[in-house]
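These numbers come from a predicted model, not from an experiment. We're numbering straight along the sequence, starting at 1. FYI, side chains are in, hydrogens and waters are out, and symmetry mates aren't considered; it's all heavy atoms of this structure.
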Amino acid sequence: MLDEDQPATGPLAGVVVADFSRILAGPYATMLLADLGATVIKVEGPGTGDDTRTWVPPRSADGTATYYLAINRGKRSIVLDLADPADLDVAQRLAARADVMIENFKPGGLARFGLDHETVAAGNPRIIYCSISGFGTAAGAALPGYDLLVQATSGLMSLTGAADGPPYRAGVAVFDVITGLHAAVAILAALQHRERTGEGQKLETNLLSAALSGLVNQTSAVLTGEVVPGRLGNAHLSLFPYEPLPTGDGELIVIAANDGQFRRLAIAIGAPELLEDPRFGSMGDRNAHRDELRPLLLARLATKSAQEWFDILAPAGVPCGPINTIDDGLALAERLGLDPVVAPGGVLSVRNPVTYSATPPSYRLPPPALGAHGAEIRDWLLANP
């Protein structure tokens, strides 16, 4: 077995995943499966392999693209040129042997190689075959699936930025990540269905559908409230305060998402009279009168520094916090005992965010060099047809 050197111990131990995906959504999903014990074989094309290997800067100390490192731990890499008959035979053997296959080729692009679901499932009816696209397999099949395009076309960018400024993208490929999470959940559900019935199945998801689901209350506003939300900067359409507020020396996130939190905020800043003002008696009232409430809060907050207010408000039960840089965020997680960093093979990465009392994630392998496991994978497939 491929895992003899480092046996898998997680709930997916023994599950073989043929990962024909690249860039972010698919590789993120398969990394999560690897964390849970699956044997993930990453199939890469000749040349530079996964596109994210070339997405620099930044680079790690050994020159590897940090983008690639973020989403590929726990996997083995094999380089296969599907146009080469010998390599195609290896790819088809892998698909026939796998429990799960995941791909994000252009819809229909694998059919000419006999690696489409219909062909693979004919020889491997237990396969869980997951396809990821940008805009689905119907009228949107030809559209390229880049996260930025989906942030724009889904409406997210219409919500991001100052009210009187241009639209902005989010600082991370948020819909790739959400799509990857949906793919991983779907694969786990399909594996459970197969456990009960013996049946494999085909799964399809796409970035636009995941985006519309991930916009949650904003899509609900359109569907059920007949409201088309727009940009509010850092403000919230339905909650106030729920945004950065200036203090004596900088901004502090301050949240009062219910009446109890607002009561604690008013008392903590020394403004109990706000609680008697009918304009601020409920969340709806505070939203309707946020322009009157904001200067009253700011006048109090201006009397102390952000750190001083944090030291007062947090113990009082008011959600608040500084606007950190990423390194500050990692340091905060460390201080809170979340142990955010793991280092498989000496490569630092952020740990799986879920803890399990019985079947914890494992981090057996670092992100693989291109084709690093090609020989052992080929030998394994020959020995395990």
Asks: For a 4.5 angstrom cut-off between non-hydrogen side-chain atoms, does Leu88 reach Leu115?
Replies: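 Yes - at least one pair of side-chain heavy atoms lies under 4.5 Å apart.
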
Asks: Hey, could you give me the CH2/CG distance between Trp380 and Leu94, rounded to the nearest 0.5 Å?
Replies: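 The distance works out to 6.5 Å.
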
Asks: Answer whether the closest heavy-atom distance between the side chains of Leu293 and Phe262 falls below 4.5 Å.
Replies: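 They are in side-chain contact.
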
Asks: Whether the side chain of Ser209 engages the backbone of Thr205 through a donor-acceptor N/O pair (distance < 3.5 Å, no angle test) should be reported.
Replies: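 Not confirmed, Ser209 side chain does not pair with Thr205 backbone.
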
Asks: Are Ile187 and Val354 linked, directly or through other ILVMFWY residues, by side chains that come within less than 4.5 angstrom of each other?
Replies: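 Linked within one cluster.
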
Asks: Please check if Ile312 and Phe310 belong to a single hydrophobic cluster, counting links between Ile, Leu, Val, Met, Phe, Trp and Tyr side chain heavy atoms closer than 4.5 Å.
Replies: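 Linked within one cluster.
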
Asks: Taking the side chain as everything from C-beta on, heavy atoms only, tell me whether Leu69 gets closer than 4.5 Å to Ser60.
Replies: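 Counting from C-beta outward, Leu69 and Ser60 do come under 4.5 Å.
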
Asks: Evaluate Leu36 against Thr359 for side chain to side chain contact (heavy atoms under 4.5 Å, CB included), listing each step before the verdict.
Replies: CA-CA 8 Å; Leu36 299 179; Thr359 56; over 6 Å; no

Asks: Before giving the answer on salt bridge (Lys or Arg N to Asp or Glu O under 4.0 Å), spell out for Asp291 and Arg279 the whole-Å C-alpha distance, their side-chain angles and the decisive distance to 0.1 Å.
Replies: CA-CA 11 Å; Asp291 290 341; Arg279 295 175 299 173; over 6 Å; no

Asks: Search all heavy atoms of Ala111 against all heavy atoms of Asp116 and return the closest pair with its distance.
Replies: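 Of all heavy-atom pairs spanning Ala111 and Asp116, the closest is CA-OD1, 3.6 Å.
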
Asks: Decide side chain to side chain contact (heavy atoms under 4.5 Å, CB included) for Asp87 and Arg378; before the verdict, give the C-alpha distance in whole Å, the side-chain angles of both, and the deciding distance to 0.1 Å.
Replies: CA-CA 10 Å; Asp87 279 5; Arg378 291 170 188 269; 3.2 Å; yes

Asks: Tell me whether Arg59 forms a cation-pi arrangement with Tyr68, defined as NZ or CZ under 6.0 Å from the six-membered ring centre and within 45 degrees of its axis.
Replies: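 Because its charged atom misses either the 6.0 Å distance or the 45° angle limit, Arg59 does not stack over Tyr68.
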
Asks: Hey, what do you get for OG (Ser213) to CD1 (Ile178), rounding to the nearest 0.5 Å?
Replies: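 CD1 of Ile178 is found 7.5 Å from OG of Ser213.
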
Asks: To the nearest 0.5 Å, what is the distance between OG on Ser238 and CD on Gln218?
Replies: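 Separation between the atoms: 7.5 Å.
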
Asks: Tyr129 and Glu103: side chain to side chain contact (heavy atoms under 4.5 Å, CB included), yes or no, with the steps?
Replies: CA-CA 8 Å; Tyr129 190 109; Glu103 60 88 15; 3.7 Å; yes

Asks: Mind checking whether Leu239 and Leu252 sit in one hydrophobic cluster, side chains of I, L, V, M, F, W, Y counted as touching below 4.5 Å?
Replies: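 They do not share one cluster, since no chain of ILVMFWY contacts under 4.5 Å joins Leu239 to Leu252.
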
Asks: Can you list, pair by pair, the side-chain donor-acceptor contacts under 3.5 Å of residues 7-18, counting residues two or more places apart and other chains?
Replies:
none

Asks: Tell me whether Asp147 contacts the main-chain N or O of Asp176 through its side chain, where contact means a donor paired with an acceptor under 3.5 Å.
Replies: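 Indeed, once roles are kept as given, a pair shorter than 3.5 Å links the two residues.
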
Asks: Please step through salt bridge (Lys or Arg N to Asp or Glu O under 4.0 Å) for the pair Glu44 and Lys75, ending with a clear verdict.
Replies: CA-CA 12 Å; Glu44 302 186 71; Lys75 306 176 186 179; over 6 Å; no

Asks: Pro144 and Phe135: which non-hydrogen atoms are nearest, and at how many Å?
Replies: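 Minimum heavy-atom contact is O-CE1, 3.3 Å.
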
Asks: Say whether, by atom type as modelled, one donor and one acceptor occur between the side chain of Asn124 and the main chain of Ala95 under 3.5 angstrom.
Replies: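 Yes, Asn124 side chain to Ala95 backbone: donor-acceptor pair under 3.5 Å.
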
Asks: For Pro244 and Ile323, work out which heavy atoms get closest and say how close.
Replies: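 In this case the closest contact between Pro244 and Ile323 is CB-CD1, 3.9 Å.
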
Asks: Which heavy atom in Pro241 sits nearest to a heavy atom in Leu265, and how many Å separate them?
Replies: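 It is CG-CD2, 3.8 Å.
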
Asks: Between Asp19 and Ile41 (side chain of the first, backbone of the second, donor and acceptor by atom type, cut-off under 3.5 Å), is there such a pair?
Replies: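 The answer is no, because no donor-acceptor pair under 3.5 Å joins these two groups.
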
Asks: State, to 0.1 Å, how close Lys42 and Pro27 come at their nearest heavy-atom pair, and which atoms those are.
Replies: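 Closest heavy-atom pair between Lys42 and Pro27: NZ-CG, 4.1 Å.
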
Asks: Are the side chain of Asp379 and the backbone N or O of Glu376 linked by a donor-acceptor pair below 3.5 Å?
Replies: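 No; judged by distance alone, with no hydrogens or angles, the pair does not exist.
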
Asks: Taking all heavy atoms of Ser133 and all of Gly136, pick out the closest pair and write down the distance.
Replies: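 So the minimum-distance heavy-atom pair works out to OG-N, 3.0 Å.
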
Asks: Mark yes or no for whether Ser220, through its side chain, and Val216, through its backbone, hold a donor-acceptor pair below 3.5 Å.
Replies: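 Flag not set: sc Ser220 to bb Val216 has no pair under 3.5 Å.
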
Asks: Does one hydrophobic cluster hold both Leu348 and Leu365, with members joined at side-chain heavy-atom distances below 4.5 Å?
Replies: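 Cluster IDs for Leu348 and Leu365 differ.
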
Asks: Quick one: are Ile127 and Met101 in side-chain contact, heavy atoms under 4.5 Å?
Replies: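 Ile127 vs Met101: side chains touch.
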
Asks: May I ask whether Val174 and Leu208 are part of the same hydrophobic cluster, defined by side-chain heavy atoms of I, L, V, M, F, W, Y residues being less than 4.5 angstrom apart, directly or through others?
Replies: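 Cluster IDs for Val174 and Leu208 match.
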
Asks: Does the Asn72 side chain pair with the main chain of Met31, one donor and one acceptor, at a distance under 3.5 Å?
Replies: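 Judged by distance alone, no pair lies under 3.5 Å.
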
Asks: Side chains of Leu313 and Ile269, heavy atoms from C-beta outward: is any pair under 4.5 Å?
Replies: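 Leu313 reaches Ile269 side chain to side chain.
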
Asks: Quick check: do Asn258 and Met283 have side-chain heavy atoms less than 4.5 Å from each other?
Replies: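 In short, these two side chains do not touch, never coming nearer than 4.5 Å.
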
Asks: With a sphere of 6.0 Å drawn around CG of Leu382, does it hold more than 12 non-hydrogen atoms of other residues, nucleotides or ligands?
Replies: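 Result for CG/Leu382: enclosed.
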
Asks: Rounded to the nearest 0.5 Å, how far apart are OG1 of Thr224 and CD of Glu226?
Replies: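 Separation between the atoms: 9.0 Å.
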
Asks: For Asn352, does its backbone N or O pair with a side-chain atom of Tyr363 as donor and acceptor, under 3.5 Å?
Replies: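 Yes, the answer is positive, given that a donor and an acceptor are paired below the 3.5 Å cut-off.
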
Asks: What salt bridge (Lys or Arg N to Asp or Glu O under 4.0 Å) pairs are there with at least one residue in residues 259-274, not counting sequence neighbours?
Replies: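 For residues 259-274: Asp259-Arg286, Glu273-Arg300.
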
Asks: Atom CZ in Phe105, atom CZ in Arg112: separation rounded to 0.5 Å?
Replies: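 Interatomic distance, Phe105 CZ to Arg112 CZ, rounded to 0.5 Å: 9.0 Å.
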
Asks: Can you find a pair of side-chain heavy atoms, one from Leu274 and one from Leu297, that are under 4.5 Å apart?
Replies: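 Yes, side chains in contact.
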
Asks: Is there a salt bridge (Lys or Arg N to Asp or Glu O under 4.0 Å) between Asp35 and Arg351 once you walk through the steps?
Replies: CA-CA 9 Å; Asp35 288 349; Arg351 72 164 57 250; over 6 Å; no

Asks: Could you tell me the separation between the CZ atom of Arg169 and the CG atom of Leu149, rounded to the nearest 0.5 Å?
Replies: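 The CZ atom of Arg169 sits 12.0 Å away from the CG atom of Leu149.
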
Asks: Any heavy-atom pair between the side chains of Pro319 and Gln261 that's under 4.5 Å?
Replies: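 Gln261 vs Pro319: side chains touch.
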
Asks: List the steps, then state whether side chain to side chain contact (heavy atoms under 4.5 Å, CB included) holds for Ile132 with Ser21.
Replies: CA-CA 8 Å; Ile132 299 174; Ser21 69; 5.8 Å; no

Asks: Are there over 12 heavy-atom neighbours, none belonging to Tyr146, within less than 6.0 Å of that residue's OH?
Replies: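 Atom OH in Tyr146 is not packed in, count stays at 12 or less.
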
Asks: If you measure only the distance, is there a donor-acceptor pair under 3.5 Å linking the side chains of His236 and Glu243?
Replies: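 No.
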
Asks: Quick test of your reading of the model: are Asp328 and Arg335 salt-bridged, counting only N-O distances below 4.0 Å?
Replies: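 No, this pair does not count.
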
Asks: Is it the case that over 12 heavy atoms from other parts of the model lie below 6.0 angstrom from the OH atom of Tyr168?
Replies: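 Count not over threshold, so no.
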
Asks: For Ile128, is there any backbone N or O sitting under 3.5 Å from a side-chain donor or acceptor partner on Asp99?
Replies: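 Not confirmed, Asp99 side chain does not pair with Ile128 backbone.
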
Asks: Counting distance only, does the side-chain N/O of Thr52 pair as donor-acceptor with the main-chain N or O of Tyr67 below 3.5 Å?
Replies: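 Not at all, since once roles are kept as given, no pair shorter than 3.5 Å links the two residues.
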
